Every structure is written in C-alpha cells, then in structure tokens.
There are 2 protein chains.
Amino acid sequence: MIANKKSVARLSRYKNALHRFKTMGLVRIFSDNLADAIGVTSSQVRKDFSVFGITGSKRGGYQIDDLFAQLNNILGKDQIQEVIIAGVGNIGAALLKYNGFEKEKIKIVAAFDIDAQKWSDTAPVPVYSLDRLIPFVNARGIKIGIIAVPESAAQMVFDRMVTSGIRGVLNFAPLRLRSPKQCVINSVNLVTELENVIFFSTSGQRIFLGELEADAGAHQVE
Amino acid sequence: MIANKKSVARLSRYKNALHRFKTMGLVRIFSDNLADAIGVTSSQVRKDFSVFGITGSKRGGYQIDDLFAQLNNILGKDQIQEVIIAGVGNIGAALLKYNGFEKEKIKIVAAFDIDAQKWSDTAPVPVYSLDRLIPFVNARGIKIGIIAVPESAAQMVFDRMVTSGIRGVLNFAPLRLRSPKQCVINSVNLVTELENVIFFSTSGQRIFLGELEADAGAHQVE
DNA sequence: AAATATTTGTGAAATAAATAACAAAAAAAC
DNA sequence: GTTTTTTTGTTATTTATTTCACAAATATTT
C-alpha cells in the first residue's frame with residue numbers, strides 16, 4: 001500500500017460525497033458518480049480504492065454503507081481522535097467552536113494559551129496555561145496537536161508538543177517547523193491559499209489551471 | 001512561463017522567508033538558504049525562479065530587496081487586493097480579525113451574512129446582508145471572494161459571487177462548487193487537513209512521508 | 001439459462017514534478 | 001591580473017501521479 005498525501009485527502013472527500021449520496025437515499029454507487037462529485041476521473045477513484053485495498057463488485061459498483069465503513073476504517077474513524085489546540089486567538093477560537101470535527105470523530109479535548117485572560121476550566125473545551133500542555137498531553141496520551149499561535153511562538157509550542165509525545169501536527173503558523181524527533185507536520189497557510197487564488201485569477205495563467213485539480217482542491221470551472 | 005499551483009505557493013513561502021532574512025540584516029541570499037528555510041532543495045528554488053523569470057547573479061546569489069520586489073510583482077502585490085467574505089460564522093469571523101492579510105496587501109473590504117444580528121455598518125469591516133453582495137461587488141469591481149458559509153449555502157453564495165463578477169474564490173465549504181462561468185476556485189477543507197495528519201501519524205506509512213513535502217506544506221522531520 | 005451490457009481492478013502508458021548534474025559566470029583570493 | 005572557488009541557470013534524469021485501456025466479473029435483460 002503506497003499512499004500519498006493526495007490520495008488520503010481524496011478518501012476524505014469521497015467519504016463526504018458518499019454521505020450526501022446516502023442522505024439522497026442511494027444504496028450503491030459507481031466510481032463515475034464519486035468522480036463527478038469531487039471532480040476527478042473515475043480511474044482516479046478506482047486507483048485510489050485499489051491502493052487502499054477497497055473493493056467493490058464488478059458491474060455492481062460499491063455498497064455505500066460498506067464503502068463508508070471501509071473509508072472510516074482507513075481514516076482511523078473507528079475510535080474518537082483526541083486533539084489539542086495551542087493558541088486561542090482568531091483561528092484557534094474558530095476551530096474550538098467549529099462543529100465540523102465532531103461528526104468526523106475528532107474531539108478537541110483542550111486548548112492552551114499564554115494569556116491568562118483566556119484560561120477557563122468551565123468552557124465547553126477547557127483552556128489552560130501553555131505550561132500545562134506537556135503534563136496534560138503526557139497524561140492523556142494525546143497524539144495530535146493543532147498550532148494556532150503566532151509565528152514567533154510556533155517553534156516553541158511545537159517543541160513542547162513533540163516533547164510531550166505528540167506525533168502529528170496541523171500548523172497554521174507561516175514558518176517551517178523543525179524537530180529532532182519524528183513528527184508529521186501539515187502546514188496550512190491561509191494567506192498563501194488566498195494568494196494562490198489571486199495569482200491564478202488575475203494572471204493570464206488560465207490554460208494551466210484546468211489541470212490543477214490539486215491537493216487543496218483548486219480547480220477551475222468552465 | 002508554466003506555473004503550477006505548488007510553485008506559486010512556494011513563491012509565497014520564499015517571500016516570507018526572505019522577509020525574515022531581511023530583518024536579520026542580510027542583504028543578499030543564496031538558493032541554498034531559501035531552500036533550507038522553507039524545506040525544499042536548492043534546485044527547486046532555482047527552478048521556480050527560472051519558471052517565473054527571476055534571475056540572480058552567479059556566485060553572487062540574489063539581492064534580497066530586488067528579489068522581494070520581483071516576488072511581490074509576480075504575486076500581484078503592486079496594488080492592494082480587495083476581497084469580500086461571505087459568512088461571518090466561526091471561520092469567517094476569524095478571517096475578518098486575522099491580521100496576516102494586511103501586510104500582504106490583501107484587504108477585506110466587506111463581509112456578508114444572512115443573519116441580521118451580524119449586520120453592522122460601523123464595524124472595522126462592515127457586515128451586510130447577503131442580498132447586498134451582488135450590487136456591492138458589482139459597484140466596487142471586486143474580483144476575489146472568500147466562502148465561509150455552511151455547506152448548504154455555499155453553492156448559492158458562489159453563484160452570486162460569479163454573477164457579480166468575482167473571478168477567484170477561496171472556499172472553506174466541504175463541497176465541489178460548480179459554475180457555468182469561468183472562475184478559479186481554491187478549496188480548503190480543515191477537517192481533511194486534520195484527517196491527513198491523523199492518517200499519516202497513526203498509520204505505518206512513515207516511509208512515504210519523507211517525500212511528502214507537499215502542497216500545503218506537509219513534511220516529516222527526522 | 002444464455003446473452004448482453006456495464007463496471008471494476010489493474011498493469012501499461014502518459015504526464016507532471018522534483019532532483020541531479022554540470023557548464024557558464026562572477027565573486028573572492030592570491 | 002590570474003587562479004580558484006562558489007553559485008546560478010538550465011538541460012537531462014529520475015521519481016511520482018494520473019490517465020488509459022481492457023480483461024475479468026457480475027448485474028440485468030431477454
């Protein structure tokens with residue numbers, strides 16, 4: 001099984017589309033439908049499934065419930081994933097309130113901030129001092145963290161996360177994090193994402209965009 | 001000039017690193033330094049520059065000020081880009097307050113929401129009824145929009161944006177937008193980004209991650 | 001029950017992207 | 001002023017990803 005980042009991201013998108021097909025009352029689905037729903041080719045869908053060992057039935061397509069279960073299994077949805085956030089500023093606070101995670105069995109169990117004003121034991125998701133990050137993560141065995149602190153604090157926070165046993169980080173700070181220990185990092189830079197839109201919609205680069213059904217989902221409709 | 005999404009995203013990252021080098025007092029820089037700063041190879045840096053027609057001096061490297069100006073020029077930073085947001089929920093509100101856009105000459109000039117409670121003419125960035133989106137964008141000639149509304153409203157909002165003349169959209173709703181008119185779409189799905197981290201940090205996929213210095217910046221440090 | 005139509009699964013081919021390699025240029029050293 | 005060293009710019013190579021194409025399988029129709 002040789003997965004790449006894009007194929008995993010697509011699995012997530014298939015699952016999303018699948019959910020909508022299911023609510024529409026469908027029971028089975030074909031690679032063609034999924035392809036159309038997320039904007040890739042049907043070959044791509046089948047190849048992705050092949051990579052992850054997902055199989056359907058020839059001529060019969062895929063049973064939605066079954067496919068859904070397989071995707072959830074691959075994406076680690078058999079159990080709730082506990083996640084922590086460092087930084088309760090604009091982005092951190094938005095993620096805390098965001099209700100899209102819950103239905104994906106992702107649970108933000110705590111947030112940490114340097115600002116005492118933000119601390120709260122009683123909030124729906126408690127907010128603690130950054131000093132409590134390491135013991136908390138250690139004690140709870142949390143493996144995933146989100147970095148939503150300013151750039152200047154990001155490396156320090158990341159170091160603490162890695163020290164405390166976190167193995168994967170979603171990073172919103174615009175810099176390259178470094179660590180002596182192994183840790184998966186996925187960085188999202190909102191400014192860059194917007195700059196991309198600006199570049200491709202204002203430059204004469206139209207021709208090449210059609211092929212740009214890329215990672216984050218950039219595409220051009222005709 | 002054959003740009004792809006990744007190369008444009010990297011330009012943005014080079015610029016960021018460059019800014020830090022400049023504040024450190026440096027005047028010139030080599031492809032090696034930039035590569036190290038953002039985590040790619042120096043070949044990649046030079047190749048990117050080559051694609052966009054950026055040149056330095058052999059053995060002399062690049063003058064930071066000059067390079068900075070060229071990058072800004074390519075990324076359309078010679079003039080302020082006016083942007084609107086649809087949806088003032090968690091993510092929309094966070095983006096409104098986010099101060100990372102301003103220094104990139106991106107200005108959010110208005111937001112639109114269906115909820116009258118959120119309307120305000122006097123806020124730093126005014127929030128209007130969604131009904132005012134089309135005339136506002138039309139009158140001001142806005143070309144870039146951000147979609148931060150729930151999935152169920154996203155297609156409708158997108159249609160209005162395209163109708164009103166918007167040519168590029170940064171979309172946070174988890175679905176594929178469709179339009180009969182040409183429009184650049186860049187979709188960011190926060191759940192998917194986090195799922196990616198979870199997948200690669202919990203599965204035994206370590207081996208392939210090293211090569212995964214991908215689009216959104218995912219990488220694994222040793 | 002046989003014939004037909006459709007869709008999967010997967011290697012092969014094509015395309016795209018990243019890295020390596022190195023000649024040419026220009027600082028720096030001598 | 002010549003030699004040496006270093007770094008760019010670009011072409012060639014390698015690696016990664018997507019698409020094509022079609023045999024094999026199985027619903028559906030007759």
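Here the structure is a predicted model, which is why all the values come from computation and not from measurement. Every chain is numbered from 1, with letters handed out A, B, ... down the list of sequences.
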Would you say NZ of B/Lys77 has more than 12 non-hydrogen atoms from neighbouring residues, nucleotides or ligands within 6.0 angstrom? yes

Examine D/dT17: is either OP1 or OP2 under 4.0 Å from a nitrogen or oxygen in the side chain of A/Asn4? Give yes or no. yes

Walking DNA chain C from its 5' end, the first of A/Ser57 and B/Thr41 to be reached, judged by nearest nucleotide, is A/Ser57

Selection from D/dT10, D/dT26, C/dA27 that lies nearest to any side-chain heavy atom of B/Arg59: C/dA27

Looking at every strand, decide which applies to A/Ser42 at a 4.0 Å heavy-atom threshold: base, sugar-phosphate, or nothing. nothing

Using modelled atom types only, decide if a donor and an acceptor are shared between the side chain of B/Thr163 and the backbone of B/Asp159 within a distance under 3.5 Å. yes

Would you call A/Val137 and A/Met161 a side-chain contact if the rule is heavy atoms closer than 4.5 Å? no

Atom pair distance, as rounded to whole Å: CG in A/Leu67 and P in C/dT7: 16 Å

Whole angstroms only, please: what is the CG-C1' distance between B/Asp36 and D/dT7? 16 Å

Does A/Glu102 have more than 12 heavy atoms from other residues, nucleotides or ligands lying within 6.0 Å of its CD? no

Should A/Tyr62 be listed as having a side-chain N or O under 4.0 Å from OP1 or OP2 of D/dT26? no

Measure from NZ on B/Lys5 to P on D/dT18 and round the result to the nearest Å. 13 Å

Between C/dA12, D/dG9, D/dA24, which one does the side chain of A/Lys47 approach most closely? C/dA12

Close approaches to DNA chain C from residues 15-34 of chain A, in residue order (heavy atom, under 4.0 Å): A/Phe30, A/Ser31

Would you please classify the geometry between the B/His19 ring and the B/Phe68 ring as parallel, tilted or perpendicular, with 30° and 60° separating the classes? tilted

Can any side-chain N or O of A/Arg10 pair as donor or acceptor with the backbone N or O of A/Gln44 at less than 3.5 Å? no

Spacing between B/Arg46 atom CZ and C/dA25 atom C1', to the nearest angstrom: 14 Å

Measuring to OP1 and OP2 of C/dA17, would you say a side-chain N or O of B/Gln44 lies under 4.0 angstrom away? no

With no hydrogens and no angle check, is any side-chain donor or acceptor of B/Asn186 less than 3.5 Å from a backbone partner on A/Glu193? yes

Nearest whole angstrom, please: distance from the P of D/dC22 to the NZ of A/Lys58. 15 Å

May I have the distance from B/Phe49 (atom CZ) to C/dT19 (atom P), rounded to whole angstrom? 15 Å

Output yes when at least one side-chain N/O atom of B/Ser50 is less than 4.0 Å from OP1 or OP2 of D/dT10, else no. yes

When the distance from CD of A/Gln70 to C1' of C/dT8 is rounded to whole Å, what number comes out? 14 Å

Does A/Ser43 reach a base, just sugar-phosphate, or nothing at all? Heavy atoms under 4.0 Å. base

Side chain of A/Lys6 (C-beta onward), nearest among D/dT18, D/dA23, D/dT6: D/dT18

